[in-house]
Enquirer: 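Quick one: structure below, then a few questions.
Since we're looking at a predicted model, the values are computed, not measured.
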Amino acid sequence: MQPNNLAKEIRKLLPGTDCTGHGGCGFASCDKCAEAIAKGGSVNLCPACTDEDIIAIAALTGGEALPAKHETAFIKCTGCAAGKSRLKVYASCEEAVKSGFLAGECTYGCVGSGSCVDACTFGALTIEHGNVHLDKSKCNGCGACADVCPQKLVHMVPDDASNFVPCSNQDEEDVALRLCGHSCIGCGDCAEACPEEAISIVDNCAVIDYEKCVGCVACTVSCRKKIIEDTYHDLTKLKSTVAFVRCRGGWHNHEVYAQAGATNCHEAVKMALDGHCNFGCAGFGDCVQACRFDAIEIVNGTAKVDPDKCVGCTACVHVCPQELPVIVPYKGAKLVPCASQDDPEVRKQLCWVGCIGCGDCAANCPDGLIHMENGRAVIEPERCEDCNICSYVCPNGVISAREMPEFTYVQVRAMAAQKGGAAK
């Protein structure tokens, strides 16, 4: 068959929609790609071809039927810290990036102008609520979106990949924590836990080697920020810790702050107001806004965590100006919802559901896991055996208890999968 005729027949087997010269084949059009294959190029030169397409092309050219690449796009950013609301007005992402970032914005994130969406001629990408979303059923792995992203956020990964790190931030941990609740902080916990050594930390960000990854849940469970996406397992069950708010009497505080004109927790705690607890929850929900899992709500002016939804990501911990949320074991333990540092007698006048500092719980704990700090009880939840004695002797009924959840089978397997770890 003549090269020109062969190229025409090959072109019929390539995807019907041209990827506008941005695809992974490296050519300006599907016609050019077909011509290259006809002249001896690899039969799987087009990354969007299926195995059936490649077998048909190999039959035409007489070449070896190589396997299809079976890749799909993945966007390594799910946050809004790169100034999306400000930069989305630009005609292209390149223009937005060139305009520059402001102080406090992530210089590595998605700017939301949608160049990748425009480049995708298969309708696989859309922008929803400022974030780029991929319809995997429509993505054929052509790679056009990856080529146009000036931030290099779109990566081509294997179709069967199940774990993803949706972040490209390269800042140090303390900076990353301030910039974005969705950011990888480069702590290395995932790399240490991975039994296949498939994760490494590159420029302060976790990177998965998909040739080694076997899709276990070790990285998902061990991730300190719980940002690693897992398409196979339920993240709300794959956890060892959850958040707990050390206050349950913030309704009075919230009313006082609201009447004084505060609109958020950080504004509230800067106010020097009398007649209320200065260590309690302000109730404006800064933590609620930071939570990606809808695990916190304001109930009667006080933040309350739903342990079944919480994954222990620590986002609420970092935004609370009162440092009221703490991370505790998911397995269940006794906890004291009070962080007041006032004298116990003053505390009794300000809050009728706080710790009164009597010390009965500390005196009666058989394991010595309760101590008094600033006139209030503090329990070591990691070692608590949940014996209920402290709850029984507490005269004010302060000590919280919740039903101990059963670890699922996959949770036990996940903990056991961690390198050097064991199921508990």
Side-chain angles (χ1 to χ4, degrees), residues 80 177-178 181 242-328 333-361 372-379 381 390-391 394-402:
C80 297
L177 282 171
R178 292 196 303 270
V242 293
F244 169 71
V245 179
R246 297 180 298 155
C247 179
R248 64 171 181 167
W251 58 86
H252 177 61
N253 278 11
H254 179 69
E255 290 178 358
V256 171
Y257 288 132
Q259 290 174 4
T263 59
N264 60 59
C265 298
H266 283 75
E267 287 180 358
V269 300
K270 293 178 181 179
M271 296 179 173
L273 304 176
D274 297 325
H276 74 105
C277 176
N278 287 297
F279 303 96
C281 180
F284 288 96
D286 290 17
C287 54
V288 176
Q289 296 178 29
C291 180
R292 309 189 303 276
F293 303 93
D294 192 30
I296 308 179
E297 61 178 334
I298 301 299
V299 180
N300 295 327
T302 308
K304 183 178 181 180
V305 175
D306 181 344
D308 292 330
K309 293 182 179 179
C310 177
V311 300
C313 72
T314 75
C316 58
V317 175
H318 295 291
V319 300
C320 179
Q322 296 287 62
E323 300 181 352
L324 294 176
V326 291
I327 301 301
V328 299
K334 294 296 182 289
L335 303 160
V336 181
C338 181
S340 174
Q341 298 180 26
D342 286 321
D343 181 271
E345 292 303 317
V346 175
R347 194 181 309 149
K348 292 177 186 178
Q349 299 172 14
L350 298 177
C351 181
W352 51 97
V353 293
C355 176
I356 60 175
C358 66
D360 287 357
C361 55
M372 304 305 293
E373 185 177 294
N374 295 314
R376 59 180 169 80
V378 177
I379 300 175
C390 58
S391 297
C394 178
N396 210 28
V398 173
I399 298 176
S400 296
R402 59 183 177 84

Enquirer: Tell me, do C351 and S340 make a side-chain contact under 4.5 Å, heavy atoms counted?
Expert: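 C351 does not reach S340 side chain to side chain.
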Enquirer: Any idea which heavy atoms bring Q322 and N278 closest together, and the distance?
Expert: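 Shortest heavy-atom separation between Q322 and N278 comes out as NE2-O, 2.8 Å.
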Enquirer: Classify the angle between the aromatic ring planes of Y257 and F284 as parallel (below 30°), tilted (30 to 60°) or perpendicular (above 60°).
Expert: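 Taking F284 first and then Y257, their aromatic rings sit tilted (interplane angle of 30° to 60°).
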Enquirer: Under a 3.5 Å distance rule, please check whether R246 uses its side chain to pair with a backbone N or O of L335 as donor and acceptor.
Expert: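 Absent.
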Enquirer: On a heavy-atom basis, which atom in N374 and which in Q341 lie closest, and how many Å separate them?
Expert: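 Scanning both residues completely, I find the closest heavy atoms to be ND2-CG, 3.6 Å.
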Enquirer: Measuring only between side-chain heavy atoms, which start at C-beta, is K309 closer than 4.5 Å to C291?
Expert: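 No - every pair of side-chain heavy atoms lies 4.5 Å or more apart.
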Enquirer: Mark yes or no for whether N396, through its side chain, and G354, through its backbone, hold a donor-acceptor pair below 3.5 Å.
Expert: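 Yes; judged by distance alone, with no hydrogens or angles, the pair exists.
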Enquirer: Provide the closest heavy-atom pair for L324 versus G280 in the form atom of the first, atom of the second, distance.
Expert: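 Closest approach of L324 to G280: CD1-C, 3.5 Å.
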Enquirer: For residues 293-307, which side-chain donor-acceptor pairs fall under 3.5 Å, sequence neighbours excluded?
Expert:
residue, atom, partner, partner atom, Å
T302, OG1, G250, N, 2.7
D306, OD1, D308, N, 3.0

Enquirer: Could you report the tightest heavy-atom contact between V319 and H266, atom names first, then the distance?
Expert: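 Where V319 meets H266 most closely, the heavy atoms are O-CE1, 2.8 Å.
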Enquirer: Holding to salt bridge (Lys or Arg N to Asp or Glu O under 4.0 Å), I want the full list of residues that pass it with R376, two or more places apart in sequence or in another chain.
Expert: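 E373.
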Enquirer: Can you measure from NZ (K348) to CG (D343) and round to the nearest 0.5 angstrom?
Expert: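 Here the rounded value is 9.0 Å.
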Enquirer: Find out whether P344 and I356 are in side-chain contact, i.e. whether some heavy atom of one side chain is under 4.5 Å from a heavy atom of the other.
Expert: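 No, every pair of side-chain atoms sits at 4.5 Å or beyond.
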Enquirer: List the steps and the verdict of side-chain contact (heavy atoms from CB on, under 4.5 Å) for V242 and V328.
Expert: CA-CA 6 Å; V242 293; V328 299; 4.1 Å; yes
Enquirer: Can you list the residues that meet the side chain to side chain donor-acceptor pair (under 3.5 Å) rule with Q259, with sequence neighbours excluded?
Expert: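 If we apply the side chain to side chain donor-acceptor pair (under 3.5 Å) test to Q259, skipping adjacent residues, there are no hits.
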Enquirer: Only one of C281, C287, P321 clears side chain to side chain contact (heavy atoms under 4.5 Å, CB included) with C265; which?
Expert: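 Only one of C281, C287, P321 forms a side chain to side chain contact (heavy atoms under 4.5 Å, CB included) with C265, namely P321.
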Enquirer: What are the two closest heavy atoms between C361 and I399, and how far apart are they?
Expert: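 Nearest heavy atoms, C361 then I399: CB-CD1, 3.9 Å.
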Enquirer: Counting C-beta onward and ignoring hydrogens, is there a side-chain heavy-atom pair between F279 and L350 closer than 4.5 Å?
Expert: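 F279 vs L350: side chains apart.
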Enquirer: Would a distance-only check, ignoring hydrogens and angles, find a side-chain to backbone donor-acceptor pair under 3.5 Å from N253 to C277?
Expert: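 Side chain of N253 to backbone of C277, a donor-acceptor pair under 3.5 Å: yes, one is there.
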Enquirer: H252 side chain to G275 main-chain N or O, any donor-acceptor pair under 3.5 Å?
Expert: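 Yes, the answer is positive, given that a donor and an acceptor are paired below the 3.5 Å cut-off.
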Enquirer: Could you tell me whether a side-chain N or O of R248 sits under 3.5 Å from a main-chain N or O of S400, the two making a donor and an acceptor?
Expert: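 Answer holds: no.
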Enquirer: Work out which heavy atom in C355 is nearest to a heavy atom in G375; give both atom names and the distance.
Expert: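 In terms of heavy atoms, the two residues are closest at SG-O, 4.4 Å.
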Enquirer: Compare all side-chain heavy atoms of P337 with those of V398 and state whether any distance is below 4.5 angstrom.
Expert: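 Result yes, sub-4.5 Å side-chain heavy-atom pair found.
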